[in-house]
S.K.: 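Below is a structure I'd like to ask you about.
This one's a predicted model, so the numbers in the text were calculated from it and none came from an experiment. Only heavy atoms go into these numbers, but all of them, side chains included; no hydrogens, no water, no symmetry mates.
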Amino acid sequence: MLMRGSPSGRDEAHVVKSAVRTLEILEFFDEVRQPTNVVTVSEALGYPQSSTAALLRSMVAMGYLQFDAKARTYLPTDRVGLLGNWISPPLFEDGALLRMMRAVHRRTGQLALIAARNGDFAQYIHVLKQPDAIAYHIQIGMKRPLASSGAGRVLLAASSDGEVRSLVHRLNAYASSDAVRIDLPELLNELTAIRRRGYCVSKNRVVDNFGSIAIRLPAELTSRPLVVGLGGRTNVIEEMESDFVAIVREEIARHLVRPCGEGGPSVSFAAGHLQPSAA
């Protein structure tokens, strides 16, 4: 059974519990993708069964969930799918982003995810994986530090070196030990390399024998930096790095980039460069 606990690494003092639980219920359904009863939701998210039932009933009344009285199960309605479809049309129009993700997932056979910046973290906002995948540590809503994760470093590469220095200075000021302090020169060198090649390879950072490739979506497609990530066993990532990068870029071009003259952005991956914002 899927157990989420507190995956997002959020500061509980700065969130409203009922709002968090409502959104985590929607994220839970996005993962399981099937009708589910109160007990399953309660156990998976670690909520009291009584408050889970009350939240689910409220979401039914608001039209975001439907309830099957015979099976005693809940399922999101079309209203959930319509939320936010006006944001970044090149990405979300006609489900283009999700089609691209499914194609990448199918062609590579690896975990696929979308990550976005949330404060000093990279947060997974969409995840596709096999039920028996080793990447049990990756769930929707989880956060990873910007400066020490593959997806985070690709997102950080969109910032100027001056902004990176300020971030590192702040994070190191609160570091609990030298082991978690960030080496600024090493980080700046890595960001320069990421900007040049357009992606980052990360190995064994969170879990042994697990690696990832993170590639930023072209800036022309979105109002904020987003990263496409692939995750799998380190040896597979090492052997297939160039093939996987090519597949992701092919699927981005196929699903998200319209030819010139059709009113959408035209993007080329020929150079593979990422440009930081002005200092």
S.K.: Should Arg195 and Asp161 count as an ion pair when the cut-off is N to O under 4.0 Å?
M.R.: yes
S.K.: Taking NZ, NE, NH1 and NH2 as the nitrogens, is one of them in Arg197 or Glu190 under 4.0 Å from a carboxylate oxygen of the other?
M.R.: yes
S.K.: Hey, quick one: are Val60 and Val32 part of the same hydrophobic cluster, counting side-chain heavy atoms closer than 4.5 Å, chains of contacts allowed?
M.R.: yes
S.K.: Please round to the nearest 0.5 Å and tell me the distance separating atom OG1 of Thr36 and atom OH of Tyr74.
M.R.: 11.5 Å
S.K.: Quick check for you: to the nearest 0.5 Å, what is the distance between Phe28 atom CZ and Gln139 atom CD?
M.R.: 10.5 Å
S.K.: Is it true that a side-chain atom of Asn172 and a backbone atom of Arg181 form a donor plus acceptor pair closer than 3.5 Å?
M.R.: no
S.K.: Are there more than 12 heavy atoms of other residues, nucleotides or ligands under 6.0 Å from atom CZ of Arg205?
M.R.: yes
S.K.: For the side chain of Glu238 and the backbone of Val236, is there at least one donor-acceptor N/O pair under 3.5 Å apart?
M.R.: no
S.K.: Is the closest side-chain donor-acceptor distance between Thr40 and Asn37 under 3.5 Å?
M.R.: yes
S.K.: Decide whether a cation-pi geometry holds between Arg21 and Tyr47; the criteria are a distance under 6.0 Å from NZ or CZ to the six-membered ring centre and an angle within 45° of the ring axis.
M.R.: yes
S.K.: Please answer whether the main-chain N or O of Gly119 pairs with a side-chain N or O of Arg117 as donor and acceptor at a distance below 3.5 Å.
M.R.: yes
S.K.: Can any side-chain N or O of Ser42 pair as donor or acceptor with the backbone N or O of Val38 at less than 3.5 Å?
M.R.: no
S.K.: Using a strict 4.0 Å threshold on nitrogen-to-oxygen distance, state whether Glu163 and Arg170 make a salt bridge.
M.R.: no
S.K.: Using 0.5 Å steps for rounding, measure from the NZ atom of Lys129 to the CG atom of Leu111.
M.R.: 6.5 Å
S.K.: Atom OG in Ser202, atom CZ in Arg144: separation rounded to 0.5 Å?
M.R.: 10.5 Å
S.K.: Looking at Arg254 and Glu251, does any basic side-chain N land under 4.0 Å from a carboxylate oxygen?
M.R.: yes
